[in-house]
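Letters A, B, ... are given to chains in the order of the sequence lines, protein chains preceding strands, and every chain is numbered from 1. Because the structure is predicted, anything quoted here is derived from the model rather than measured.
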Amino acid sequence: EDKLTIAAASDLRFALTDIVAQFKQQHTAATVELVFGASGKLSSQIQHGAPFDIYFSADIRYANTLADAGFTATVPAVHALGRLVLWSNTAGISALTLSDLTQKRFKRIAIAQPEHAPYGLRAKQALIKAGLWQQLQAKIVYGENIAQTAQMVKSGAADIGIIALSLALSPALHDKPYTLIDETLHSPLEQGYVVTLHGAANPLSKQFIAYLQSTNARNIMLRYGFTEPQRNHEERYVP
Amino acid sequence: MITLQLQLVRQHFDLNINTTLPTTGITAIVGRSGCGKTSLLRAIAGLEPNCQGLIQFNNQSWLTGTVALPVEKRRIGMVFQQAFLLPHLSTEQNLLYGFNRTRKQQRTLTPELIIAMLDLKPLLGLKQHQLSGGQRQRLALGRALLTSPQLLLLDEPFAGLDQQSKAEILPFLHRISQQTKIPMLLVSHQLDDIVQLADHIVLLQQGQLVTQGPLQQQLSLQAFSAFGAMSVLHCHTATSNDDTLLTLQLGKQQLMLPYQYFNGACRLRVQAKDVAISLEPLVNSSVNNQLQATVCGFTSASHPAESIVQLQVEGQPLQALVTNRSTERLRLKADMTVYVQIKAVAIY
Amino acid sequence: MITLQLQLVRQHFDLNINTTLPTTGITAIVGRSGCGKTSLLRAIAGLEPNCQGLIQFNNQSWLTGTVALPVEKRRIGMVFQQAFLLPHLSTEQNLLYGFNRTRKQQRTLTPELIIAMLDLKPLLGLKQHQLSGGQRQRLALGRALLTSPQLLLLDEPFAGLDQQSKAEILPFLHRISQQTKIPMLLVSHQLDDIVQLADHIVLLQQGQLVTQGPLQQQLSLQAFSAFGAMSVLHCHTATSNDDTLLTLQLGKQQLMLPYQYFNGACRLRVQAKDVAISLEPLVNSSVNNQLQATVCGFTSASHPAESIVQLQVEGQPLQALVTNRSTERLRLKADMTVYVQIKAVAIY
Amino acid sequence: MYLSPADYQAIWLTLKLCSLTTVLLLIVATPLAWWLARTSSKSRIVIQAIVALPLVLPPTVLGFYLLLLLGPNGAIGSTLELMGFSHLAFSFSGIVVASVCYSLPFAVQPLMQSFQDMGPLPNELAASLGAGSLDRFFSITLPLCRGGFIVAATLSFAHTLGEFGVILMLGGSIPGETRVLSILIYDHTEAMNYAAAHTLSIGMLVAAFVVLSIVYSAQRRFAQVVA
Amino acid sequence: MYLSPADYQAIWLTLKLCSLTTVLLLIVATPLAWWLARTSSKSRIVIQAIVALPLVLPPTVLGFYLLLLLGPNGAIGSTLELMGFSHLAFSFSGIVVASVCYSLPFAVQPLMQSFQDMGPLPNELAASLGAGSLDRFFSITLPLCRGGFIVAATLSFAHTLGEFGVILMLGGSIPGETRVLSILIYDHTEAMNYAAAHTLSIGMLVAAFVVLSIVYSAQRRFAQVVA
Ligand SMILES: Nc1ncnc2c1ncn2[C@@H]1O[C@H](COP(=O)(O)OP(=O)(O)OP(=O)(O)O)[C@@H](O)[C@H]1O
Ligand SMILES: Nc1ncnc2c1ncn2[C@@H]1O[C@H](COP(=O)(O)OP(=O)(O)OP(=O)(O)O)[C@@H](O)[C@H]1O
Ligand code: MOO
Ligand SMILES: [Mg+2]
Ligand SMILES: [Mg+2]
């Protein structure tokens, strides 16, 4: 059966959807199913036998852990870097900094769950680094993954949130401005992918990963604010 | 006085009662199965929300049009057709449920009295599932009485009772009625019980009232012949020198009965079939009680070979069921003076 | 023959029955409320899982030790104490529930017959909530009969019936019993009904059997005096030239009764209180029926001023309730020949 | 086994949420169930269907609409803000409201069933014995329908305890405020923090089993009294 | 309003899951409820508590343990793999098993209640009229407890429809296999695809309302026949 199931971190929700759409124009017989979620959750599901062919993590370390535990067919590869932004549906925030989060008007600040969403962990790191974490604790609400976090802010239930740039640039959110958060406040958001043992035998896995290197795909990634990784890597395919 | 102008409309049944019932003594409600006896009692109790019309109990208005006094304000006691005990309460709690909800100054009956009279003591320790049908019925009766109600509604309270239990309860109910003056409406299929207890009788048929009135008069009506013709004689005890037999004074005549415990006014129920007529007083017969009577007339009996001879004894009506053969043989005619032998009576 | 060796142990009650009951005619089970009548019927039906012992119905083993034949295999018909209709079925479906589950070759009674005889036609169109207590009881009786059971268990089937309904059903049950030969166990508090129907009687007291035997003999026992002394006389119809009166042959003597519809063997229930004794035949009295009898002895009655005179009429026992006063006045003694006036009888 | 302060906080919060919700639900559901059991009005069906809706709607739908409704832009949230209160999204009050909506049918259904099963007779009898309507409720309906109330209360409590989707969407996982046990355990498992997940899960399992055993043996003792 | 093929797929999947679960549940729950209603054995309380456990456990706990149990390393999952089948985590069969466990008390409770309420009399009567035990089940118990069965079936169906947490953990949101409506709606809200979320939610709301109205008016008509 020509079917590929991809599990991907929520920050890729829009970028990967666009890439898959392009991919399918070339592989018209193929069915590509996309399952999005927090990186941690998806990796835990793979460990419990989830039938995913390729796993995209917002943090390469989840993929590495999977590889170390022997659930993968390839060596995890970094394909892009993600960025954190401040975003609000209500406040004009183009000139905001993290320290402005202490303002009274921000009653609820949404971040992703640091325990299993890389964007959440990075947001927490940034706030700690900025010396705001203790102070803001009472205001912070947690999304299950970064997309839900974005949705909390979009719906207005949270006044402001720390979300992925890739989501802020998505059709649903791009009409409101965002403020980039200093990369140095947190460890890098290395977007990594790996073919799972389950996907090893699926020829579409290889084809999709190959397609990921195409300019077409790279452009889509760039459009959603991802940047090229500093260090190039070699793909080591272990069948 | 209970004034009733009731309409209760159901799918296949209309209850339509326009009458006034006495609030003294016991009023029996009789009629065939399905004629609306239970419905009438429920309407009076206030348990039929669709009932319209007027219910006036003495000077209290219980129903005017569709405005009804709530059941719990009517201060009635009710024994439902199928003795129903509150399943979550102990036997004793069931008994006292209403008593505990009756204001102290309104309590005229005490638990001690009721327990003694209905022989409830042995039941109080039992669990409900250990009670037989008759035992439940006794308990339900006691419970209703303990509210010291201003009106007692009894829907076949003796249906599940054996003769012996019944024989113990009936006189008690009679005494309750006389001592407390609580008026009672009693539904029963047993004319025996009714004649023993009731002062007044109401006959229903298909939701309509056929006839109602004092028991003594009503009994000679054709309408009641289905129950077996009978008469009720009022008399009172007379002094006697025989302490095993009771001597009763009926006008100027006397009767002797094997009862000891009566004193004062009492009533005798005499079934027409228990009355024999002779032209002269009998001697050498075991029949003790012979009364002089006057023949008033003849009415037909349920069987064509028999007729009912209407008699007067000391001004009171008495019926005798005799075969036409005997009537002819004795040449009975109106205004004849005859002797009646009363073989069996019930005394209440 | 039903052989019973039953033990049923409950918290406050033990049923312990060791006896053999006939499987012909109707066997009445009597006893005070709570004595275990319903429990006995349920045990025989197989509805008391804790019942131990032996139940042998003719050549079928229904219970041996704790191994019990399932209820539905016993082919019994049961009318429960509180007429219970299956609420999800229509009146008609209720009636036919058991009939539809009876094999064709085992059906001896048809719905048409039962509907006609129990007057069920007008009920079949009604909804259950429109049925009164008595109507339900009739339906439950019909339903049990329609299984053409090999044993009919009736737990106070007449409890909710008015006299008229009862008067219609009783002879029908009697006829069913005679025509189908279905043996019946009948629990009833009304000795009237029992005397009319039963051939055999069982008296229970606190879970124990007190006495059992053919009705005619049992009735003279002291144990039954609580119900009011009575006798049953077996006779048969004789030809007569009066078509309104029924002439009955009792041995060599005759009785005349205002009934028309009987033919062949029949039984007369004579209450002891309805029997008068005279030393000579009476003339000029409305009493038609006088029989020559022999005094056999005297037993005490429930009232100290009275006693029961045990008589023999044409070899059959007859009881008369007379006051001691009369006994003395007439100087009644054993072996005396007397004349008994029977004022009232019931004929079945 | 070791529980972190965050775990204790979540346990306490969960118990608070469940108890409060159960109490509120019984107060709301009793008159509603009584009306539904006794009325012959045509509107009964509609009301009954509305009450039962949360039963059939996935928690995500409910959570989604509650988020829109209780948030600062929603009808209820904005009204509250106008009145000087804060909106209900991401707050304890918010998940109480959500829980009451979510578990309403679990309180109404068993109560209604038991009111119907009781039939009119016990109340008619009690009225004839002089008990007014409030007295009847406490002396007849409450004890006779005790089984129904126990079931309604356990189901409400349990269904709130087991609530996850609605709180996930509406709660925001705020420690001490909305991070109830079900959310915390989810977070632990997704973080592959299995030790903590096990500890809490087994703790809940044992506690649940003990509570249920108590409830059922109590119910049983009650049943024996009634039978 | 426009539904995508993925939406249709999820609707179909959800109906399949709910129907299958309901049927399985009634089959499993009926004898269990009957036993629980009739037995006087002491073990009743334990069994009843175990049956009720899913009621009190958050779906995340249940999902967690089912994942451990049904997955490739779990007792059940590995046994299945040994037998040549595949394990049950992240598969339709897996979420059926999960749903049956999850909704079991919702089927058992109302059935048990209605069996108890019916009392022994109807079956005793039917037996005396010659009906064997199977006949009695279909001619007496089933129609008399029809209310209980309707409630059990609706609750089972509905509770499965509203299942989210367990499937979220055990299902993995695989289209056509485990991505049921509740998961899909959640997914839509995350994708901020509010139009699709609204369409599906309102669709479910309306469908739910219609189904419930039908059920309740049927139940009502039934109740009128019985009363
Ligand atoms: N289900 C039961 N469990 C325990 N004890 C019971 C049960 N049913 C009846 N009893 C007890 O068993 C005894 C016999 O009851 P049973 O119903 O057989 O009496 P009965 O003779 O039919 O009385 P009644 O004439 O009032 O119907 C009673 O003392 C009663 O307390
Ligand atoms: N709840 C009810 N709804 C509709 N009709 C009813 C209801 N209860 C009784 N009926 C009908 O009303 C009529 C009168 O019933 P009711 O119970 O008053 O009779 P009854 O005289 O008490 O009979 P019984 O002597 O059998 O108890 C009957 O024809 C019955 O079909
Ligand atoms: O793995 Mo995420 O994209 O931080 O939810
Ligand atoms: Mg009645
Ligand atoms: Mg009995």
Looking at every non-hydrogen atom in both residues, tell me the closest pair between [X] and [Y] and how far apart they are.
| X | Y | answer |
| --- | --- | --- |
| A:Phe14 | E:Ala191 | CZ-O, 3.4 Å |
| E:Arg179 | A:Leu34 | NH2-O, 2.8 Å |
| E:Pro175 | A:Val35 | CD-CG2, 4.3 Å |
| E:Met192 | A:Ala150 | CE-CB, 3.9 Å |

Tell me which of these, A:Ala172, A:Ala50, A:Pro171, has more heavy-atom pairs under 4.5 Å with chain E than the rest.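 Of the options given, most contacts go to A:Ala50.
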- Tell me, out of A:Met152, A:Lys41, A:Lys154, who's got the most heavy-atom pairs with chain E below 4.5 Å.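 Option with the greatest count: A:Lys154.
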To the closest 0.5 Å, what do you measure between [atom1] ([X]) and [atom2] ([Y])?
| X | Y | atom1 | atom2 | result |
| --- | --- | --- | --- | --- |
| A:Gln151 | E:Tyr194 | CD | OH | 4.0 Å |
| E:Asn193 | A:Arg13 | CG | CZ | 9.0 Å |
| A:Glu33 | E:Gln9 | CD | CD | 6.0 Å |
| E:Asp187 | A:Gln148 | CG | CD | 11.5 Å |
| A:His48 | E:Leu68 | NE2 | CG | 5.0 Å |

Q. Taking the side chain as C-beta and beyond, is there a heavy-atom pair between A:Gln47 and E:Leu67 under 4.5 Å?
A.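 No; the side chains remain at least 4.5 Å from each other.
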>> Between A:Glu144 and E:Glu190, is there a side-chain heavy-atom distance shorter than 4.5 Å?
In response: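 Sidechains of A:Glu144 and E:Glu190: in contact.
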- Message: Counting only non-hydrogen atoms closer than 4.5 Å, does A:Ser155 touch chain E with its backbone (N, CA, C, O), its side chain (CB onward), both, or neither?
- Response: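 Both backbone and side chain of A:Ser155 come within 4.5 Å of chain E.
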- Item | Atom group of A:Leu167 that falls short of 4.5 Å from chain E, counting heavy atoms |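 For A:Leu167, there is no contact with chain E at all, as no heavy atom is under 4.5 Å.
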Answer with side chain, backbone, both or neither: which region of E:Leu88 has an atom nearer than 4.5 Å to a non-hydrogen atom of chain A?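 No part of it gets close to chain A.
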| said: More than 12 heavy atoms of other residues, nucleotides or ligands under 6.0 Å from CH2 of E:Trp35: yes or no? | reply: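 Check passes, neighbour count above 12.
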